A.B. asks: 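Right, I'll just put the structure down here and ask away after.
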Protein chains: 2
Amino acid sequence: MSRAETSRRGSRPGRAGIRDVAAAAGVSITTVSDALNGKGRLPDATRRHVREVADRLGYRPSAAARTLRTGKSGLIGLTVTTYGDEPFTFTEFAYFAEMARAATSAALARGYALVILPATSRHDVWSNVALDGTVVIDPSDQDPVVSELVRQGLPVVSDGRPAGSLPVTAWVDNDHEAAVLGILDHLADAGARRIGLLTGTTTDTYTHLSTTAYLRWCERVGQDPVYEAYPAHDPCAGAVAADRLLARPDRPDAVYGLFDPNGTDLLAAARRYGLRVPDDLLLVCCSESTVYAHTEPPITTLSLKPRRIGTAVVQLLIDAIEGADSDRPVEQVIPTELIVRTSSQRRPPRTTVSPPRSPEKT
Amino acid sequence: MSRAETSRRGSRPGRAGIRDVAAAAGVSITTVSDALNGKGRLPDATRRHVREVADRLGYRPSAAARTLRTGKSGLIGLTVTTYGDEPFTFTEFAYFAEMARAATSAALARGYALVILPATSRHDVWSNVALDGTVVIDPSDQDPVVSELVRQGLPVVSDGRPAGSLPVTAWVDNDHEAAVLGILDHLADAGARRIGLLTGTTTDTYTHLSTTAYLRWCERVGQDPVYEAYPAHDPCAGAVAADRLLARPDRPDAVYGLFDPNGTDLLAAARRYGLRVPDDLLLVCCSESTVYAHTEPPITTLSLKPRRIGTAVVQLLIDAIEGADSDRPVEQVIPTELIVRTSSQRRPPRTTVSPPRSPEKT
DNA sequence: TGATCATGCAGAAACGTGTCTGTCAACGCG
DNA sequence: CGCGTTGACAGACACGTTTCTGCATGATCA
């Protein structure tokens with residue numbers, strides 16, 4: 001009855017194994033496993049007895065052994081493709097934080113945990129962790145890690161349409177073209193004659209799709225494109241680019257900024273040039289931050305709904321892992337939300353919140 | 001020589017095991033293991049041959065099996081104690097994101113990966129993942145998970161002094177009292193007569209230490225405390241509290257806000273009451289965001305240096321895991337950085353950046 | 001009363017790796 | 001020429017769990 005008794009071999013004194021529980025409860029290993037996992041056909045008395053003994057010994061099943069035996073680790077990779085040497089891009093912070101938070105919650109609710117793994121990383125780290133599947137944010141078809149994961153047969157769900165012909169299991173994305181077109185129409189409705197764009201020099205799909213949509217819109221309405229591009233990972237470059245955009249001879253009377261800090265940067269630049277917002281300059285930027293509700297004036301923002309995306313991505317991935325033939329589509333488009341504030345309205349606002357494409361309430 | 005040959009048992013066709021490599025290379029399992037891990041005493045020819053065959057077969061050692069055998073998983077938990085039902089507090093976002101980024105980088109550089117695990121979470125998730133150690137952000141002595149980890153003998157390093165008598169392996173923190181005192185002195189030097197505080201209702205050590213330091217400073221200089229507290233996880237409550245603070249009959253002429261969004265909130269509130277910053281109201285807030293460099297006027301911020309903290313925490317933890325008797329102290333205090341901008345200076349700024357306590361350059 | 005069957009539980013085989021022990025050949029040396 | 005030594009490798013075990021198979025025991029029924 002000594003509580004320190006362990007298996008015949010001198011295992012770690014701090015950890016009790018399933019054998020110790022079996023010995024202490026006077027049953028076999030099988031019975032312990034079945035009792036704790038609710039698997040076999042045992043009388044409730046035995047089940048309770050085993051559980052009580054296990055609790056008393058502080059028994060915790062070894063995750064490694066369980067993973068080895070079952071082939072499931074309960075771990076999901078959360079991957080960000082990197083452009084510089086940093087794990088993730090600075091401008092993605094608010095988006096990434098929100099998205100990761102939602103993904104963590106969703107995974108946790110279904111018994112999974114998230115592992116942060118930059119796509120560009122030492123190979124040994126990737127192979128050292130047993131993953132059941134992976135979430136990839138904005139994957140590039142250049143990423144050798146992602147293609148190898150797919151080749152190994154692991155489920156891969158991407159946030160953002162996969163570039164090239166990357167055969168991911170499923171993906172979730174916003175309709176970036178529609179979002180940009182909606183914003184441009186919104187600005188034109190507010191009286192903008194020449195709409196500028198603050199965009200990035202990176203090659204990710206978000207930047208690419210948004211810029212392309214802008215250029216096509218300009219072509220359609222017959223406006224000369226007015227845009228400045230800068231490396232989005234450099235916050236200082238953003239301020240400089242905002243300044244450059246407003247210093248141009250063909251200065252726009254409305255600007256949409258693709259990245260989170262663009263709003264304050266553009267506001268500061270407008271102030272330097274004596275431009276009043278929204279009277280002389282209409283402003284919209286893509287951001288998840290609430291600071292734009294309290295700036296002077298409050299700035300209209302486009303939210304990509306990272307929480308909904310994070311949740312959806314994890315649900316799709318776990319469905320694929322568990323082989324559940326869920327009725328969820330493997331390609332989900334999450335609607336964006338345009339939060340209209342003073343900066344994009346020449347008249348006092350009538351509505352505070354309106355979705356960009358669907359007039360009915362969400 | 002058929003490439004599809006597998007072990008005697010019909011294992012997954014996609015995954016090659018160490019037995020397959022041994023068979024294909026015409027050597028034993030031991031030789032393969034030694035050749036790949038650089039362990040045994042093998043001629044270079046054999047070593048190269050085995051590695052080549054392993055590469056050709058696309059062999060990846062099973063992480064689960066390795067973990068089971070070696071007892072090391074290469075996984076580090078990243079834990080945030082939660083106050084609401086969300087995985088982490090909203091106001092910690094920028095701090096958490098920066099800290100997590102640095103921690104991820106540091107862990108990766110030493111061959112480890114990070115697992116996000118809310119402290120308040122289903123117990124089965126915690127026991128389902130094999131951790132080598134855990135980083136805990138702002139631990140509460142109420143957290144049963146943390147105390148159990150410590151009891152299990154796992155290394156636990158905390159960001160923030162452990163509350164109560166939580167026996168963590170090591171911790172890293174800022175000197176919050178010194179930081180607050182430095183800011184108050186800075187504001188007083190700039191001419192503030194009555195300094196207010198925007199603080200939180202939560203019981204974490206950061207809020208507690210900062211508030212206590214403020215109250216002691218007030219007592220020392222003989223000023224009546226002027227502060228408003230609000231639940232920090234609610235962004236709207238922050239705006240309301242900022243408004244309340246400036247609406248008081250004993251309105252302060254300088255305010256320090258403990259949380260990230262306080263700067264914009266206070267600025268908006270000041271604008272509503274017609275207070276000019278910094279002429280009528282001096283402003284400082286604790287934030288990691290760069291938006292405060294471009295507000296009107298730019299706002300002085302206190303940075304807690306989350307990147308240095310994240311790096312230090314991970315280094316300490318991995319040192320403890322690997323049993324390296326490192327010369328690093330087990331209690332590290334990271335200096336904060338006061339980034340002085342217009343909002344806290346009645347005169348035009350002489351220096352743009354100055355550390356709060358040490359006059360010499362960092 | 002003996003055959004059938006469901007029930008409750010024990011034994012043992014994996015999962016895939018790292019590593020301890022042991023074998024066999026070659027070789028140096030007295 | 002015999003013997004100890006060393007290099008190069010093979011065999012076998014253990015890590016801790018899950019689960020398949022199978023053996024008792026008692027109950028049910030012809």
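These numbers come from a predicted model, not from an experiment.
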A.B. asks: In whole angstroms, how far is the P atom of C/dG8 from the NE2 atom of A/H49?
C.D. replies: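 Atom NE2 in A/H49 sits about 16 Å away from atom P in C/dG8.
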A.B. asks: Rounded to the nearest Å, what distance is computed from the CG atom of residue B/D20 to the P atom of nucleotide C/dG16?
C.D. replies: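 Going from CG in B/D20 over to P in C/dG16 covers 9 Å.
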A.B. asks: Does A/T31 reach a base, just sugar-phosphate, or nothing at all? Heavy atoms under 4.0 Å.
C.D. replies: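 Sugar-phosphate: the residue A/T31, judged by heavy atoms under 4.0 Å, touches backbone atoms but no base.
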A.B. asks: Looking only at side-chain N and O atoms, does B/R66 come under 4.0 Å of OP1 or OP2 in C/dT17?
C.D. replies: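 False: B/R66 side-chain N/O out of range (4.0 Å or more) of C/dT17 OP1/OP2.
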A.B. asks: How many whole angstroms separate atom NZ of A/K39 from atom P of D/dT18?
C.D. replies: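 In whole Å, D/dT18 P and A/K39 NZ are 8 Å from each other.
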A.B. asks: Is any side-chain heavy atom of B/I116 less than 4.5 Å from a side-chain heavy atom of A/I116?
C.D. replies: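 Yes, close enough: below the 4.5 Å cut-off.
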A.B. asks: Quick one: which of A/I76, A/V115, A/V156 gives a side-chain contact (heavy atoms from CB on, under 4.5 Å) with A/L131?
C.D. replies: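 Single pass found, and it is A/V115.
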A.B. asks: Could you check whether any side-chain heavy atom of A/L117 comes within less than 4.5 Å of a side-chain heavy atom of A/T79, counting everything from C-beta outward?
C.D. replies: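 Yes, side chains in contact.
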A.B. asks: Can you tell me if B/T30 touches the phosphate of C/dT19, counting only side-chain N or O atoms and a distance under 4.0 Å to OP1 or OP2?
C.D. replies: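 B/T30 to C/dT19 OP1/OP2: no side-chain N or O under 4.0 Å.
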A.B. asks: What is the nucleic acid contact for B/I29, judged by heavy atoms within less than 4.0 Å: base, sugar-phosphate only, or nothing?
C.D. replies: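 Nothing: the residue B/I29, judged by heavy atoms under 4.0 Å, touches no strand.
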A.B. asks: Closest approach to the side chain of B/T46, judged atom by atom: which nucleotide of D/dT17, D/dT19, D/dC9 is it?
C.D. replies: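 Of all the options, the side chain of B/T46 is nearest to D/dC9.
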A.B. asks: Given atom CG of B/D34 and atom C1' of D/dA10, what is their separation to the nearest angstrom?
C.D. replies: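 To the nearest whole Å, that distance equals 11 Å.
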A.B. asks: Please give, in whole Å, the distance from D/dC9 C1' to B/R47 CZ?
C.D. replies: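 These atoms are roughly 12 Å apart.
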A.B. asks: Verify whether one side chain among B/T31 and B/S28 offers a donor that lies under 3.5 Å from an acceptor in the other.
C.D. replies: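 Result is yes, a qualifying pair exists.
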A.B. asks: Are A/R308 and A/V172 close enough that some pair of their side-chain heavy atoms sits under 4.5 Å apart?
C.D. replies: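 No, their side chains stay 4.5 Å or more apart.
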A.B. asks: For the side chain of B/R69, starting at C-beta, report the closest nucleotide among D/dC20, C/dG18, C/dG8.
C.D. replies: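 When the side chain of B/R69 is considered, C/dG18 is the closest of D/dC20, C/dG18, C/dG8.
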A.B. asks: How close or far is atom C1' of D/dC15 from atom CD1 of A/I18, stated in whole angstroms?
C.D. replies: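 Atom CD1 in A/I18 sits about 14 Å away from atom C1' in D/dC15.
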A.B. asks: With the side chain of B/R19 defined as its heavy atoms from C-beta on, choose the nearest nucleotide among D/dT17, C/dC9, C/dT17.
C.D. replies: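 Out of D/dT17, C/dC9, C/dT17, the nucleotide with an atom closest to B/R19's side chain is C/dT17.
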A.B. asks: Of the nucleotides D/dT18, C/dT17, D/dA10, which one has an atom closest to the side chain of B/S28?
C.D. replies: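 Among D/dT18, C/dT17, D/dA10, the one nearest the side chain of B/S28 is D/dA10.
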A.B. asks: What is the distance, rounded to the nearest whole Å, between atom OH of B/Y59 and atom P of C/dG18?
C.D. replies: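 Spelled out: OH on B/Y59 to P on C/dG18 is 6 Å.
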A.B. asks: Closest nucleotide of DNA chain D for B/P43 versus for B/A65: which of these residues is on the 5' side?
C.D. replies: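 It is B/P43 whose nearest nucleotide is closer to the 5' end.
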A.B. asks: Compare side-chain N and O positions of A/T70 against OP1 and OP2 of D/dT17 and report whether any pair is under 4.0 Å apart.
C.D. replies: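 The answer is no; no side-chain N or O of A/T70 sits under 4.0 Å from OP1 or OP2.
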A.B. asks: Give the rounded distance in Å between these two atoms: CG of B/L68 and C1' of C/dA14.
C.D. replies: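 That distance rounds to 13 Å.
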A.B. asks: Which part of the nucleic acid does A/S62 contact within heavy-atom distance under 4.0 Å: base, sugar-phosphate only, or nothing?
C.D. replies: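 A/S62: backbone/sugar contact only, no base atoms under 4.0 Å.
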A.B. asks: Would you kindly compare B/G26 and A/R60 by the position of their nearest DNA chain D nucleotide and give the one closer to the 5′ end?
C.D. replies: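 Upstream on the strand: B/G26.
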